[in-house]
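All of these numbers come straight from a predicted model, not from anything done at the bench.
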Amino acid sequence: MTVPRCCICIPTFNSAATLGATLQSVLTQAHQNLIVKIFDNASTDSTLAVATSFQEKDARIQIYTSDVNLGGERNFTRCLQAAEGDYTAIYHSDDLYHPTIVEESVAFLEKHRECGAVAVHSLLIDENARITGERFLPNELRSQRESELDEAAFLELVSRYGNFVTCPSVMARSELYRDKIAQWNGHNFKTSADLDIWWRITQVSRLGILTKPLMSYRV
């Protein structure tokens, strides 16, 4: 049986203080068929040194740099365009990923072929990685272990609660990110550009939701 290949893209900017812990959590996943791409956005601290120190120990890591700061959304677009393998996730450089997030996300997408992507629930942590709570998740979703949302169901929940999807928890089919989504539209949507991504996903497929906390989101 072929093990699906996952591409983990990590956009970074001046994240030297947290990138090491993030990479450690990604590289020790139960699902090991990974390629990890780090996209540095012209950091001025030691982010690149941290990334390089991990790359020297793990051949799965690739590092991409930029001579100028592209802005957050354009750096995210680089991640979308670099999607490869079976599945791609864009993980943030200051969050922590529980050991089975990749494995459980892949299992869901392998089972639910009508879903183009899946998001998971997340805990909240502070700057010292102490748990302070959990991210908001609508009660309509909490009552089930997993859900599938079409466009109408997604928009209904967003109209009630706002953007409830934890951005750096989403894993998508690589061809969907690369060929159909293709761009993080910060020009029109500013800091709400991720909501535009989830909406566009539901226009061509369904969005899965796992209610088990599988990552820790740093606030």
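At a threshold of 4.5 Å between non-hydrogen side-chain atoms, the residues Tyr217 and Ile125 do not count as touching. Between Ser66 and Arg78 the shortest side-chain heavy-atom distance falls below 4.5 Å. With contacts defined as side-chain heavy-atom distances shorter than 4.5 Å, the pair Val120/Ser105 qualifies.
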| task | Begin from the C-alpha positions of Tyr177 and Glu84 and carry the test side-chain hydrogen bond (donor to acceptor under 3.5 Å, both in side chains) through to its verdict. | result | CA-CA 9 Å; Tyr177 261 171; Glu84 66 170 278; over 6 Å; no
| side-chain contact (heavy atoms from CB on, under 4.5 Å) between Leu48 and Ile38: does it pass, once the steps are laid out? | CA-CA 9 Å; Leu48 276 177; Ile38 301 170; over 6 Å; no
| What's the verdict on salt bridge (charged side-chain N to carboxylate O under 4.0 Å, His left out) for Arg142 and Glu134, showing C-alpha distance, side-chain angles and the deciding distance? | CA-CA 12 Å; Arg142 281 182 180 273; Glu134 59 182 85; 2.8 Å; yes
| task | Before giving the answer on side-chain contact (heavy atoms from CB on, under 4.5 Å), spell out for Asp194 and Val165 the whole-Å C-alpha distance, their side-chain angles and the decisive distance to 0.1 Å. | result | CA-CA 9 Å; Asp194 63 318; Val165 177; 5.9 Å; no
| message | Could you go through Leu141 and Phe164, starting from their C-alpha distance and side-chain angles, then the distance that decides it, and tell me whether this counts as side-chain contact (heavy atoms from CB on, under 4.5 Å)? | response | CA-CA 10 Å; Leu141 300 176; Phe164 57 87; 3.6 Å; yes
| field | side-chain contact (heavy atoms from CB on, under 4.5 Å) between Gln32 and Val102, worked out | value | CA-CA 9 Å; Gln32 284 284 292; Val102 173; over 6 Å; no
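Ile90 approaches Pro11 most closely through the heavy-atom pair CG2-CD, 3.7 Å. Shown here for Arg178 and Ala83, the closest heavy-atom pair between the two residues is NH1-O, 2.9 Å. Heavy atoms only, all atoms of each residue included: Cys6 and His31 are closest at SG-NE2, 3.7 Å. The minimum heavy-atom distance between Phe13 and Ser43, with the atom names listed, is CA-OG, 3.3 Å. When all heavy atoms are compared, the tightest approach of Thr88 to Ser174 is OG1-OG, 2.7 Å. Contact between Leu149 and Thr202 at its shortest, heavy atoms only, is O-CG2, 4.1 Å.
Residue Val50 is grouped with residue Ile8 when hydrophobic side chains (ILVMFWY) are merged at heavy-atom distances under 4.5 angstrom, including chains of intermediate members. The cluster map of Ile, Leu, Val, Met, Phe, Trp and Tyr, joined by side-chain heavy atoms under 4.5 Å apart, puts Val118 and Met215 in the same cluster. One hydrophobic cluster holds both Phe154 and Val170 under the rule that ILVMFWY side chains link at heavy-atom gaps under 4.5 Å. Leu27 and Ile35 sit in two unconnected hydrophobic clusters of ILVMFWY residues. Membership requires side-chain heavy atoms under 4.5 Å apart, directly or through other members. Taking hydrophobic clusters as Ile, Leu, Val, Met, Phe, Trp and Tyr residues chained together by side-chain heavy-atom distances below 4.5 Å, Ile209 shares a cluster with Val204.
Annotation: the span from Leu207 atom CG to Asp150 atom CG amounts to 10.5 Å, rounded to 0.5 Å. The OH atom of Tyr91 lies 12.0 Å from the SG atom of Cys167; values are rounded to the nearest 0.5 Å. The distance from atom CD1 of Ile201 to atom CG of Asp196, rounded to the nearest 0.5 Å, is 10.0 Å. Phe54 contributes atom CZ, which lies 5.5 Å from atom CG of Leu23 (distance to the nearest 0.5 angstrom). Note that CD1 of Ile61 and CD of Glu56 are 10.0 Å apart. Values are rounded to the nearest 0.5 Å. Within the model, atoms NZ of Lys180 and CG of Leu80 stand 14.5 Å from one another, a figure rounded to the nearest 0.5 Å.
With respect to Lys212, the side chain to side chain contact (heavy atoms under 4.5 Å, CB included) criterion is satisfied by exactly one of Glu146, His98, Glu104, His121: Glu104. Of the candidates Thr166, Leu123, Leu124, Ile131, Pro213 forms a side chain to side chain contact (heavy atoms under 4.5 Å, CB included) with just one, namely Leu123.
More than 12 heavy atoms of other residues, nucleotides or ligands sit less than 6.0 Å from atom CG of Asn128. At most 12 heavy atoms of other shown residues, nucleotides or ligands fall within 6.0 angstrom of atom CZ in Arg74. Annotation: Arg145, atom CZ; neighbour count of heavy atoms from other residues, nucleotides and ligands within 6.0 Å does not exceed 12.
No donor-acceptor pair under 3.5 Å is formed between the side chain of Ser205 and the backbone N or O of Cys115. Side chain of Arg173 to main chain of Leu109: a donor-acceptor pair is present (N/O by atom type, distance under 3.5 Å, no hydrogens or angles). A donor-acceptor pair under 3.5 Å is absent between the side-chain atoms of Ser122 and the main chain of Arg135, judged by distance alone. Remark: the backbone N or O of Val3 is paired with a side-chain donor or acceptor of Asn33 at under 3.5 angstrom. Looking at Ser25, its side chain never comes within 3.5 Å of a backbone N or O of Leu96 through a donor-acceptor pair. Thr77 places a side-chain N or O within donor-acceptor distance of the main-chain N or O of Trp184, the cut-off being under 3.5 Å. Panel note: side chain Asp86, backbone Arg5; a donor-acceptor pair is recorded below 3.5 Å. Listed for the Glu148 side chain is no donor-acceptor partner under 3.5 Å among the backbone atoms of Gly208. At distances below 3.5 Å, at least one donor-acceptor pair connects side-chain atoms of Asn41 with backbone N or O atoms of Leu70. The backbone N or O of Glu156 lies less than 3.5 Å from a partner atom in the side chain of Ser159, making a donor-acceptor pair.
Looking at residues two or more places apart in sequence or on another chain, you find a side-chain hydrogen bond (donor to acceptor under 3.5 Å, both in side chains) between Asn14 and Thr44.
Taking the charged nitrogens against the carboxylate oxygens, Arg130 and Glu127 have no contact shorter than 4.0 Å, which rules out a salt bridge. Ion pairing between Arg206 and Glu151 fails under the 4.0 Å rule for side-chain N and carboxylate O.
Donor-acceptor pairing under 3.5 Å is lacking for the side chains of Tyr87 and Glu175. Thr12 and Ser93 share no donor-acceptor pair across their side chains, judged by distance under 3.5 Å alone. Between the side chains of Ser15 and Asp94, no donor N or O sits under 3.5 Å from an acceptor N or O.
Using cut-offs of 30° and 60° for the angle between ring planes, the Phe39 and Tyr64 rings count as parallel. Aromatic ring orientation, Phe76 versus His92: perpendicular (interplanar angle above 60°, classes split at 30° and 60°).
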